[in-house]
Structure formats: structure tokens, C-alpha cells
Amino acid sequence: MFRRSLITTLTAWFSCLAPVLASGEGGHHALPLDAQQLFGPFTNSTIMVWLTVGLIVLFCQAATRKMALVPAGFQNFAEWLFESLYDFLGGLMGEHLTKRVFWFFGSVFFFILVNNYMGLIPGVGTLGWNTVDAHGHHGFTPWLRGANADINMTAAMAFTFAILWFYWAITENGFKAFVAHIFAPKGSFHGIMLAMMVPIFLFVGVLEVISIAIRPVALTFRLFGNIYGGEQTLEKLMALVPEKIAFLPALPFYFMELLVGFVQALVFTLLCAIFLKLICDHGDEEHH
């Protein structure tokens, strides 16, 4: 009896969502590559970023409103979230490095995660107004757009990490050791063997510099491509059937996108942590 009532409720709920998901002239509008301007310098992805930041701020305020030495309720849930991520990064980068950089990695992970899930709310990308340009061409401007489906947002995070990576790498190693980590021969060589290995490791260092330069670009397009592609997939699936049942073919992929949103936030954070750990790896040396 309960199962039948649950199925009936879910069917009615998604039936109500169908007009929202398929709103707009013609029912379906392909998501453009670039964010669209709403007013002044602000785009629909900018508005989504503000909403995401506001939601995160409200979450933090709710979790710290009644702080207790023995956490309970919402505070306990929030501490579990942050401690789980902290312990995960600590096992990868070590206690010293994690303690220093967690403010950035924790912020990036939850910011990407919330942004990904906010982009899946029914109506995001499908509710907006129809437009007509000076040439009489009809268009559609959504009021909201998933922030990570805007390459400017993913590039901002990736290149911010690239700048911080240089700062952390140099301050952890020292400038001389930082350069040596990239270009100097690894291992103990003497005499003619050292003379042979120096040009080899110099060439390897050049390749490493190219790899370092490519990393923020790869981070940018990996996150953007997965989120933008997922939203486009949902839109195309909804266009396959009549408007009233447009939600049905997209529904299984919608729940898969919930998993993808978490995985992409974790992958971005994990790759940044690995890049930093590789340059700050001192072997068995301990920090005091």
C-alpha cells in the first residue's frame, strides 16, 4: 500500500514538473556554449553563483548557530561532512599540507558540488524569456544557468589554483629546491654519468613545465565539459518526446547526473591535491 502511494505521489510530482522542464517557445532550447547576459555585466551563470554562495552561507550559519562542545543535530552533520573531506585529503597529502591548504580545497569541493546540484533544479536553463534581435531572429534567454556549465567559472577556479600552486610549492620547498625538483637529476650520479643525465633531466624538466602549464586548462575543460555535456544530454532527451511527458526519458539520466555532480567535484579537488602533493613530496622527511 505504501509503495503504491509513493509511486502515485512521485508520478504526480514529475507530471507537474513536466511543463516546467519543457517551458519556453517550442518546448526545448539548446544550451548555448556561453552564458547569456541578463542585465549590465551580469549573466545567468553569475546569478546562479550568487545563489550558490548564499546557500552555502546559510548552511554554515545554521550549522554554527548553536555551537556545542559535543555536537548534535545540524552541527554534527556539518562537522561530519568537513571532517570526512579533511581526513580524505589528509590521507593523500599528509597532515601538515592538509592543515595549510584545506581552506581552499574544502571551499572548492563544496562550491563545485552545490553548483552542480543547483544546475539540476527543474527550471534552471528552461525558464526564461523569449527574445527577438534587430534582425527579427527569435531566441530564448534562461534566467538561470548552471555555474559550472560556464567555462569562465571553471577557468577561474582552475587558474586560481594554478597561482596558489606556485605559492605553496615555493614556500614549502624554497625557490632553489622548487626549480631543482623540476630540472635537477633525480638520484645520485657522478662523473660521466652525471654529465649524461643533466641534459636528459633538463629535457624532462621542459616537459614538466609544459605539463604544469596544461594542468589549469585541463581542469577547466574537464569540469566544464562534463557538466555542460550532462545538461545538453538531458535537454536532448526531453526533446525526443511530446512536451507533456518530456521528463520521462530524462528521468534516469537526471539521477545519474546527481552522481556525476558529486564525482566531478571530487575529481577536481582530488586532481588539485595530487598536483600539489607531487611538487611538495619530500619522501620520508617529516615537517616539524
| field | Atom pair CZ/CG of F161 and L276 - distance to nearest 0.5 Å | value | 5.5 Å
| said: Any non-hydrogen side-chain atom of V108 less than 4.5 Å from a side-chain atom of I112? | reply: yes
| task | Look only at the side chain of W168 and the backbone of V101, and say whether a donor-acceptor pair between them is shorter than 3.5 Å. | result | no
| task | Consider only side-chain heavy atoms of I, L, V, M, F, W and Y, link residues closer than 4.5 Å, and tell whether L259 and L85 are in one cluster. | result | yes
| query | Are W103 and F88 connected, step by step, through hydrophobic side chains (Ile, Leu, Val, Met, Phe, Trp, Tyr) whose heavy atoms are closer than 4.5 Å? | reply | yes
| Do the side chains of M48 and V57 join up, straight or via other hydrophobic residues, at under 4.5 Å, putting them in one cluster? | yes
| task | Evaluate the side-chain proximity of I212 to F275: yes if any heavy-atom separation is below 4.5 Å, no if none is. | result | no
| request: Would you indicate whether F253, at its atom CZ, is surrounded by more than 12 heavy atoms from other residues, nucleotides or ligands within a distance under 6.0 Å? | output: no
| field | Aromatic centroids of F268 and F109 separated by under 6.0 Å | value | no
| field | Intermediate values then yes/no, side chain to side chain contact (heavy atoms under 4.5 Å, CB included), I47 and T43 | value | CA-CA 7 Å; I47 304 301; T43 65; over 6 Å; no
| message | What I'd like to find out is whether the side chain of M153 reaches to under 4.5 Å of the side chain of T46, using heavy atoms alone. | response | no
| Between CG of L164 and OG1 of T171, what distance do you get to the nearest 0.5 Å? | 10.0 Å
| request: Identify the two heavy atoms, one from V209 and one from F183, that lie closest to each other, and give their separation to 0.1 Å. | output: CG2-CZ, 3.8 Å
| Path from I163 to I170 over hydrophobic side-chain contacts below 4.5 Å | no
| task | List the steps and the verdict of side chain to side chain contact (heavy atoms under 4.5 Å, CB included) for Y228 and D150. | result | CA-CA 8 Å; Y228 178 81; D150 182 0; over 6 Å; no
| field | Donor-acceptor contact present, side-chain Q75 to main-chain A68, <3.5 Å | value | yes
| said: Test of understanding: with ring pair (Phe, Tyr, Trp, His ring centres under 6.0 Å), list the residues that count as partners of F102, not counting sequence neighbours. | reply: Y86
| Taking atom NZ of K277 and atom CG of L89, what is their separation to the nearest 0.5 Å? | 12.0 Å
| query | Judged by atom type as modelled, is there a donor-acceptor pair below 3.5 Å linking the side chain of H181 to the main-chain atoms of L278? | reply | yes
| said: For the OH atom on Y167, are there more than 12 heavy atoms of other groups (residues, nucleotides or ligands in this structure) within a distance under 6.0 Å? | reply: no
| query | Hey, mind stepping through V53 and F111 against side chain to side chain contact (heavy atoms under 4.5 Å, CB included) and telling me if it holds? | reply | CA-CA 8 Å; V53 172; F111 180 71; 3.9 Å; yes
| request: With sequence neighbours excluded, tell me which residues meet salt bridge (charged side-chain N to carboxylate O under 4.0 Å, His left out) with E83. | output: none
| field | Any N152 side-chain heavy atom under 4.5 Å of S45 side chain | value | no
| request: Report the C-alpha separation of M118 and L144 in whole Å, then their side-chain angles, then the decisive distance to 0.1 Å, and conclude whether the side chain to side chain contact (heavy atoms under 4.5 Å, CB included) test is met. | output: CA-CA 10 Å; M118 290 281 283; L144 295 173; over 6 Å; no
| task | Could you tell me whether F262 atom CZ has more than 12 heavy atoms of other residues or ligands within 6.0 Å of it? | result | no
| task | Calculate, to the nearest 0.5 Å, the distance between atoms SG and CE belonging to C272 and M93 respectively. | result | 10.0 Å
| Below 4.5 Å, heavy atoms only, C-beta onward: do L81 and F59 meet side chain to side chain? | yes
| Under a 4.5 Å cut-off applied to non-hydrogen side-chain atoms, are L270 and L92 in contact? | yes
| Tell me, which pairs form a salt bridge (Lys or Arg N to Asp or Glu O under 4.0 Å) where one or both residues lie in residues 203-222, sequence neighbours left out? | E208-R215
| task | Could I get the full list of salt bridge (charged side-chain N to carboxylate O under 4.0 Å, His left out) partners for R100, not counting sequence neighbours? | result | E172
| request: May I ask whether V114 and L58 are part of the same hydrophobic cluster, defined by side-chain heavy atoms of I, L, V, M, F, W, Y residues being less than 4.5 angstrom apart, directly or through others? | output: no
| Those residues that, when tested against T220, pass side chain to side chain contact (heavy atoms under 4.5 Å, CB included) (two or more places apart) | I151, T154, A155, A158, F159
| message | Tell me which pairs pass side-chain hydrogen bond (donor to acceptor under 3.5 Å, both in side chains) where either residue lies in residues 61-72, with sequence neighbours left out. | response | none
| message | I need the single residue from N148, N116, N115 that forms a side chain to side chain donor-acceptor pair (under 3.5 Å) with T52. Which is it? | response | N115
| Distance-only, no hydrogens or angles: does the Y117 side chain make a donor-acceptor pair with backbone N or O of L258 under 3.5 Å? | yes
| request: May I ask you to decide if the ring planes of F224 and F221 are parallel, tilted or perpendicular, using 30° and 60° as cut-offs? | output: perpendicular
| note | Output for pair (F110 CZ, F105 CZ), nearest 0.5 Å, gives 14.0 Å
| query | From N226 CG over to E257 CD, what is the distance, rounded to the nearest 0.5 angstrom? | reply | 8.5 Å
